[in-house]
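Taking it in order: structure first as structure tokens, then the write-up.
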Number of protein chains: 2
Amino acid sequence: MPTMTAERRRAEAKREYDAFMADCPSRKLLDRISDKWVALALASLAEGPHRYSELSRRLAGVSQKMLTQTLRTLERDGLVSRVVTPSVPVRVDYELTELGHSLQETMLVLKGWAEAHMDEVEAARTAYDAAS
Amino acid sequence: MPTMTAERRRAEAKREYDAFMADCPSRKLLDRISDKWVALALASLAEGPHRYSELSRRLAGVSQKMLTQTLRTLERDGLVSRVVTPSVPVRVDYELTELGHSLQETMLVLKGWAEAHMDEVEAARTAYDAAS
DNA sequence: CTGTATCCGTATAGATACTG
DNA sequence: CAGTATCTATACGGATACAG
């Protein structure tokens with residue numbers, strides 16, 4: 001239906017897909033985006049395009065394998081676009097697509113939540129461990 | 001500093017903790033909450049308290065082991081509280097704590113995003129696979 | 001610089017059986 | 001009903017070596 005607005009289509013999708021269902025495709029998608037490296041990559045790209053090496057430094061501790069794998073998946077899923085400049089040596093930039101942009105804010109919130117509530121969580125852990 | 005407001009302390013924490021850093025505690029916390037079952041559990045509990053068996057049905061496909069493990073971790077981290085009614089048979093309800101409540105909305109957004117953008121992601125995958 | 005390929009240990013997650 | 005315990009498969013992720 002080409003006359004549907006984007007909002008209308010999204011509302012439609014919300015009725016069709018349900019991640020609570022085991023074999024709903026959205027369950028797998030939720031699994032994919034529920035990932036530390038995805039969250040950090042999108043959070044980093046939220047600031048603007050980044051080169052591969054910049055991301056590698058920003059996401060401290062990420063292995064080449066995981067970074068590449070994460071970026072490939074994000075590219076395939078349409079969240080990120082890969083821009084190659086055929087210089088010598090080659091330069092590759094990654095940037096958020098419109099779709100990626102729509103998720104980036106949530107990832108920033110998620111990352112921010114972990115940072116903001118770290119102390120409370122540690123206090124809860126101490127209390128829990130003391131009780132047992 | 002007992003005179004700090006909650007907001008002030010949280011802002012303080014945001015400067016102290018940085019999930020981009022490999023060995024920042026918040027990195028591990030981000031890893032923990034970036035989890036399919038955590039997202040679905042919090043999304044379910046957002047509606048109100050649930051019994052163990054209700055969660056088991058709601059989070060279709062979850063194994064007893066993963067459900068228990070997820071709930072234990074959430075309890076230890078202070079996101080969920082476990083309420084035992086010592087009847088026969090015993091009844092156990094799980095409900096969000098205040099801390100859990102502060103994350104639940106983000107998890108609903110994450111789950112909703114997966115459901116709302118499923119079609120776009122599948123289209124992107126088809127396009128990507130066709131290009132290669 | 002931006003990857004790919006391979007090896008390998010570990011953590012994860014499912015299945016199954018059993019318990020207060 | 002609400003778990004615990006154990007076994008096993010495999011997927012995840014890190015380290016290393018190599019390449020366009």
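All chains are named by letter (A, B, ...) in the order of the sequence lines, taking the proteins before the strands, and each is independently numbered beginning at 1.
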So if I take every side-chain heavy atom of [X] and compare against [options], which nucleotide ends up nearest?
X: B/Gln64; options: D/dT4, C/dC1, C/dG14; answer: D/dT4
X: A/Pro89; options: C/dC1, C/dT2, D/dG3; answer: C/dC1
X: B/Val90; options: C/dG20, C/dG3, D/dA15; answer: C/dG20

For this session: Mind calculating the distance between NZ (B/Lys65) and C1' (D/dT6) to the nearest angstrom?
Result: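 About 9 Å, once rounded to whole Å.
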Exercise. Expressed in angstrom and rounded to an integer, what is the separation of B/Met66 atom CE from D/dA2 atom C1'?
Worked result: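 Computing the B/Met66:CE to D/dA2:C1' distance gives 17 Å.
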For this session: Verify salt bridge (charged side-chain N to carboxylate O under 4.0 Å, His left out) between A/Arg125 and B/Glu75, making sure each step is shown before the conclusion.
Result: CA-CA 9 Å; A/Arg125 285 176 186 170; B/Glu75 189 194 358; over 6 Å; no
Exercise. Among B/Thr68, B/Thr70, B/Leu67, whose side-chain contact (heavy atoms from CB on, under 4.5 Å) with B/Val62 holds?
Worked result: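 Testing B/Val62 for a side-chain contact (heavy atoms from CB on, under 4.5 Å) against B/Thr68, B/Thr70, B/Leu67 leaves exactly one candidate, B/Leu67.
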[X] [atom1] to [Y] [atom2] distance, which is reported to the nearest 0.5 Å:
X: B/Leu42; Y: B/Ser102; atom1: CG; atom2: OG; result: 9.5 Å
X: B/Asp35; Y: B/Leu30; atom1: CG; atom2: CG; result: 11.5 Å
X: A/Leu74; Y: A/Trp37; atom1: CG; atom2: CH2; result: 13.0 Å

For this session: Verify the neighbour count for atom CZ of B/Arg32: are there more than 12 heavy atoms of other residues, nucleotides or ligands below 6.0 Å?
Result: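 No, CZ of B/Arg32 has 12 or fewer neighbouring heavy atoms, counting only those of other groups under 6.0 Å.
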Sequence neighbours excluded, which residues qualify as salt bridge (Lys or Arg N to Asp or Glu O under 4.0 Å) partners of [X]?
X: A/Asp23; value: none
X: A/Glu95; value: none
X: B/Lys111; value: A/Asp18, B/Glu115

Problem set entry | Stretch residues 67-83 of chain B: residues that reach within less than 4.0 Å of DNA chain D through a heavy atom |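 When residues 67-83 of chain B is checked for heavy atoms under 4.0 Å from DNA chain D, the hits, listed by number, are B/Thr68, B/Arg72, B/Arg82.
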For this session: Verify the distance criterion only: is there a donor paired with an acceptor across the side chains of B/His101 and B/Glu98 at less than 3.5 Å?
Result: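 Result is no, nothing qualifies.
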Problem set entry | Pair A/Glu120, A/His117: side-chain N/O donor-acceptor within cut-off below 3.5 Å |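 A/Glu120 vs A/His117: donor-acceptor pair found between side chains.
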Problem set entry | Within residues 23-31 of chain A: residues closer than 4.0 Å to DNA chain C (heavy atoms) |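 Of all residues in residues 23-31 of chain A, none places a heavy atom under 4.0 Å from DNA chain C.
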For this session: Give me the residues of residues 35-54 of chain A where at least one heavy atom lies under 4.0 Å from an atom of DNA chain C, by number, or none.
Result: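 Heavy-atom contacts with DNA chain C come from A/Arg51, A/Tyr52, A/Ser53.
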